A.B. asks: 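Please read through the structure below; I'll follow up with questions.
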Amino acid sequence: MIFGNPFKFALLVEPVSQWSNSSFVEGIFCFCINGVLLPKDGVISATTLNADLHSYENFLTAWKSPPQNYKLFDADKNEAFTDLMMNIWPLMINEEFNYPEDFVEDYSCYLSPTQMEQSNIFCFIVNKDKWSRIFVGVKLDDVQLAKIFFEVHDVVLEHEKVINIFSEMLLFCSKINP
């Protein structure tokens with residue numbers, strides 16, 4: 001089932017009964033952004049649908065009145081993504097980063113469930129007025145340069161549309177029985 005418009009932003013959720021058992025519904029979860037299905041390159045992003053995706057319930061509660069971040073919303077997509085990653089995983093961006101004593105990870109804009117992290121996909125959302133800007137970064141390793149790079153995708157949608165996409169996906173997952 002696809003929630004949203006895959007040529008803008010959508011979530012693809014598909015239960016796979018052959019992978020499931022009497023306790024857990026296993027399936028596939030992917031992001032679609034600007035017509036790109038992530039993860040790509042034939043990687044299957046398997047997840048426990050009736051458990052893993054419920055982290056989005058907290059997202060919906062927190063984002064009914066979203067915090068505004070005009071600076072990141074208006075920034076170049078690579079700069080904004082870098083700033084957002086620095087709030088959680090600074091060593092992925094800068095190997096020489098020295099954590100200050102008062103460093104606190106800030107997950108307030110983070111949207112990726114654990115299984116997406118395991119596929120090296122990191123998703124963030126920032127808001128400006130009634131608009132949401134979603135950033136999806138795919139981690140790419142350059143072995144020759146011993147560097148980590150991110151291929152960053154972004155899209156701007158009305159905030160209410162983003163809430164509807166996640167709400168519809170959660171409603172669908174709540175009706176799936178093991």
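For this chain, numbers begin at 1 and follow the sequence in order. This is a predicted model, so every value here is computed, not measured.
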A.B. asks: Are V126 and F135 packed together at the side-chain level, in the sense that at least one heavy-atom pair is separated by less than 4.5 angstrom?
C.D. replies: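 SC-SC contact between V126 and F135 confirmed.
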
A.B. asks: Looking only at heavy atoms, which two atoms of F81 and F122 are closest? And how far apart?
C.D. replies: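 Taking every non-hydrogen atom into account, CE1-O, 3.5 Å.
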
A.B. asks: To the nearest 0.5 Å, tell me how far H159 NE2 sits from K130 NZ.
C.D. replies: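 Between atom NE2 of H159 and atom NZ of K130 there are 12.5 Å.
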
A.B. asks: Considering non-hydrogen atoms only, spot the tightest contact between L12 and L37 and give its length.
C.D. replies: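 For L12 versus L37, the nearest heavy atoms are CD1-CD1, 4.5 Å.
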
A.B. asks: When the ring centroid of Y56 is compared with that of F166, is the distance short of 6.0 Å?
C.D. replies: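 When the ring centroids of Y56 and F166 are compared, they turn out to be within the sub-6.0 Å range.
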
A.B. asks: Determine whether I125 and C123 make a side-chain contact, defined as any pair of heavy atoms from C-beta on separated by less than 4.5 Å.
C.D. replies: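 Contact flag for I125/C123 side chains = no.
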
A.B. asks: How close do P6 and I2 get, heavy atom to heavy atom, and via which atoms?
C.D. replies: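 P6 and I2 have their closest heavy atoms at CD-CG2, 4.2 Å.
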
A.B. asks: Can you tell which of M169, M1, E168 makes a side-chain contact (heavy atoms from CB on, under 4.5 Å) with L11?
C.D. replies: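 Passing option: M169.
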
A.B. asks: Any idea which heavy atoms bring S132 and F73 closest together, and the distance?
C.D. replies: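 Taking S132 first and F73 second, the nearest heavy atoms are C-CE1, 3.7 Å.
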
A.B. asks: Are F7 and F9 connected into the same hydrophobic cluster when the rule is that any two of I, L, V, M, F, W, Y join if their side-chain heavy atoms are below 4.5 Å apart?
C.D. replies: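 Looking at the clustering, F7 is in a separate group from F9.
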
A.B. asks: When rounded to the nearest 0.5 angstrom, what is the spacing between CG in D154 and CZ in R133?
C.D. replies: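 Reported to 0.5 Å precision, the distance equals 4.5 Å.
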
A.B. asks: Would F31 and I33 count as a side chain to side chain contact (heavy atoms under 4.5 Å, CB included) here? Give the steps.
C.D. replies: CA-CA 6 Å; F31 288 120; I33 186 164; 5.5 Å; no

A.B. asks: Hey, are the side chains of D106 and I88 touching, using non-hydrogen atoms and a 4.5 Å cut-off?
C.D. replies: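 Side-chain contact under 4.5 Å: no.
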
A.B. asks: Checking side chain to side chain contact (heavy atoms under 4.5 Å, CB included) for the pair L111/M116: CA distance, chi angles, key distance, verdict?
C.D. replies: CA-CA 10 Å; L111 274 181; M116 282 303 224; over 6 Å; no

A.B. asks: Do I121 and L140 sit in the same hydrophobic cluster, where Ile, Leu, Val, Met, Phe, Trp and Tyr count as joined when their side-chain heavy atoms come under 4.5 Å apart?
C.D. replies: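 Per the 4.5 Å side-chain linkage, I121 and L140 are co-clustered.
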
A.B. asks: So, taking the atom named CD in E151 and the one named CG in N78, what distance separates them when rounded to the nearest 0.5 Å?
C.D. replies: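 If I round to the nearest 0.5 Å, the distance is 10.0 Å.
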
A.B. asks: One pair to check against side chain to side chain contact (heavy atoms under 4.5 Å, CB included): F103 and N87. What are the steps and the verdict?
C.D. replies: CA-CA 9 Å; F103 181 82; N87 290 331; 6.0 Å; no

A.B. asks: Any idea which heavy atoms bring F3 and I165 closest together, and the distance?
C.D. replies: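 Smallest heavy-atom distance, with atoms named: O-CG2, 3.5 Å.
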
A.B. asks: At what distance, to the nearest 0.5 angstrom, does NZ of K8 lie from CD1 of I134?
C.D. replies: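 Answer for the NZ-CD1 pair, K8 versus I134, is 10.0 Å.
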
A.B. asks: Nearest 0.5 Å please: distance from the NZ atom of K71 over to the CG atom of D74.
C.D. replies: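 Rounded to the nearest 0.5 Å, the NZ-CG separation comes to 11.5 Å.
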
A.B. asks: Main chain of N164, side chain of S167: is a donor-acceptor contact present, judged purely on distance under 3.5 Å?
C.D. replies: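 Checking the backbone N and O of N164 against the side chain of S167, no donor-acceptor pair under 3.5 Å is found.
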
A.B. asks: Between S20 and E26, which heavy-atom pair has the shortest distance, and what is it?
C.D. replies: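 In terms of heavy atoms, the two residues are closest at OG-N, 2.8 Å.
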
A.B. asks: With rounding to the nearest 0.5 Å, note down the distance linking CD in E14 to CZ in F29.
C.D. replies: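 Here the interatomic distance stands at 13.0 Å.
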
A.B. asks: Decide side chain to side chain contact (heavy atoms under 4.5 Å, CB included) for L84 and L72; before the verdict, give the C-alpha distance in whole Å, the side-chain angles of both, and the deciding distance to 0.1 Å.
C.D. replies: CA-CA 8 Å; L84 291 161; L72 289 176; 3.6 Å; yes

A.B. asks: Any luck finding a side-chain donor-acceptor pair between Y110 and E105 under 3.5 Å?
C.D. replies: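 Distance-only check fails for Y110 and E105.
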
A.B. asks: Please evaluate residues H153 and N34 with respect to the criterion side chain to side chain donor-acceptor pair (under 3.5 Å), reporting the C-alpha separation (whole Å), side-chain torsions for both, the decisive distance (0.1 Å), and the verdict.
C.D. replies: CA-CA 8 Å; H153 305 267; N34 298 325; 5.5 Å; no

A.B. asks: Compute whether any side-chain donor of one residue and acceptor of the other, for Y70 and D129, lie under 3.5 angstrom apart.
C.D. replies: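 Looking only at side-chain atoms, D129 and Y70 do form a donor-acceptor pair, the distance falling under 3.5 Å.
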
A.B. asks: Could you tell me if the side chain of V136 sits less than 4.5 Å from the side chain of V152, heavy atoms only?
C.D. replies: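 Not touching, per the 4.5 Å side-chain cut-off.
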
